[in-house]
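Working notes, beginning with the structure itself.
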Amino acid sequence: FESVVRAANRPDAPEIVHEPPTIAGEPSFVVRARSAGSIQAIDLSRLTRFAREHRCTLVLNHVVGDFVPAGAGVITVYGADPGGAERDEQRLRQTMVLGVERTIEQDPAFAVRILVDIAIKALSPAVNDPTTAVQVINHLGDLLHRIGATDFRGAAPAEGGTGRVLIAARGWEQYLA
């Protein structure tokens with residue numbers, strides 16, 4: 001969780017949005033997933049560099065941890081020269097790692113899910129391990145306290161401008177779901 005918060009506070013951090021953004025004009029192109037999988041990681045620094053170099057706006061359509069089917073749009077690009085779309089699409093696709101399973105490195109919601117699953121199993125009649133359940137609940141409480149103290153609203157997106165990366169982020173409600 002701390003690594004996600006640190007990344008969100010870097011100077012090249014993307015703009016966090018909770019509603020689909022309204023961008024003037026049609027997209028230049030959409031980067032589509034070549035295969036199905038869970039988004040395991042996103043290289044935000046490379047995305048920001050690309051957006052600044054090409055003076056465009058990138059909208060990430062999913063958050064880390066989401067499962068995306070093959071062919072799904074994962075990044076929508078506005079304001080880029082469509083002439084190099086095929087090359088640029090490949091370059092942008094390489095900023096996102098898809099895999100068979102979710103991972104906890106950039107997906108704190110998955111860590112919460114794992115802790116909840118462990119506690120449920122520890123309390124099941126087949127396992128009956130209340131000590132483990134209590135330890136997990138203590139760690140889960142600490143993690144939820146840190147999540148609750150974090151501002152997930154993000155900065156208000158700048159109007160217009162170039163070199164923007166907009167990314168959806170989970171809010172408090174999504175962590176509790």
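As a basis for the values below, the full set of heavy atoms in this structure was taken, side chains included, without hydrogen atoms, waters or symmetry mates.
Side chain of E105 to main chain of A41: no donor-acceptor pair is present (N/O by atom type, distance under 3.5 Å, no hydrogens or angles). When atom types are taken as modelled, the side chain of Q40 and the backbone of E101 share a donor-acceptor pair closer than 3.5 angstrom. At least one donor-acceptor pair closer than 3.5 Å links the side chain of S28 to the backbone N or O of G79.
L47 is not listed as a side-chain neighbour of I167, based on a closest heavy-atom distance of 4.5 Å or more. When side chains are defined from C-beta on, R46 counts as touching Q94, because their heavy atoms get closer than 4.5 Å. No side-chain heavy atom of V63 sits less than 4.5 Å from a side-chain heavy atom of I39. In this structure the side chain of I75 reaches within 4.5 angstrom of the side chain of T95, judged on heavy atoms. Counting heavy atoms from C-beta on, the side chains of I23 and T76 never come closer than 4.5 Å.
A pairwise comparison of heavy atoms in G25 and Y78 identifies O-CE2, 3.7 Å as the closest pair.
For A70, there are no side-chain contact (heavy atoms from CB on, under 4.5 Å) partners, not counting sequence neighbours. Shown here are the ring-ring contact (aromatic ring centres under 6.0 Å, His included) partners of H54, two or more places apart in sequence or in another chain: F50.
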Please set out all donor-acceptor pairs under 3.5 angstrom arising from side-chain atoms of residues 109-116, sequence neighbours excluded.
unit_1 : atom_1 : unit_2 : atom_2 : d
R113   : NE     : D117   : OD1    : 3.2
R113   : NH2    : D117   : OD1    : 2.8

Could you pull out every donor-acceptor pair under 3.5 Å between side chains of residues 122-141 and any protein atom, sequence neighbours left out?
unit_1 : atom_1 : unit_2 : atom_2 : d
S124   : OG     : K121   : O      : 2.8
S124   : OG     : V127   : N      : 3.4
D129   : OD1    : T132   : N      : 3.4
D129   : OD1    : T132   : OG1    : 3.4
D129   : OD2    : T132   : OG1    : 2.4
N138   : ND2    : V134   : O      : 3.4

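Counting only residues at least two apart or on different chains, no salt bridge (Lys or Arg N to Asp or Glu O under 4.0 Å) pair has a member in residues 22-40. Counting only residues at least two apart or in different chains, salt bridge (Lys or Arg N to Asp or Glu O under 4.0 Å) contacts with residues 63-81 comprise D66-R170.
Applying side chain to side chain contact (heavy atoms under 4.5 Å, CB included) to L92 and the options D43, V74, V31 leaves one that passes, V31.
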> Can you list the steps and then say if R87 with Q90 is a side-chain contact (heavy atoms from CB on, under 4.5 Å)?
Replying inline: CA-CA 5 Å; R87 182 191 72 243; Q90 178 60 26; 5.9 Å; no
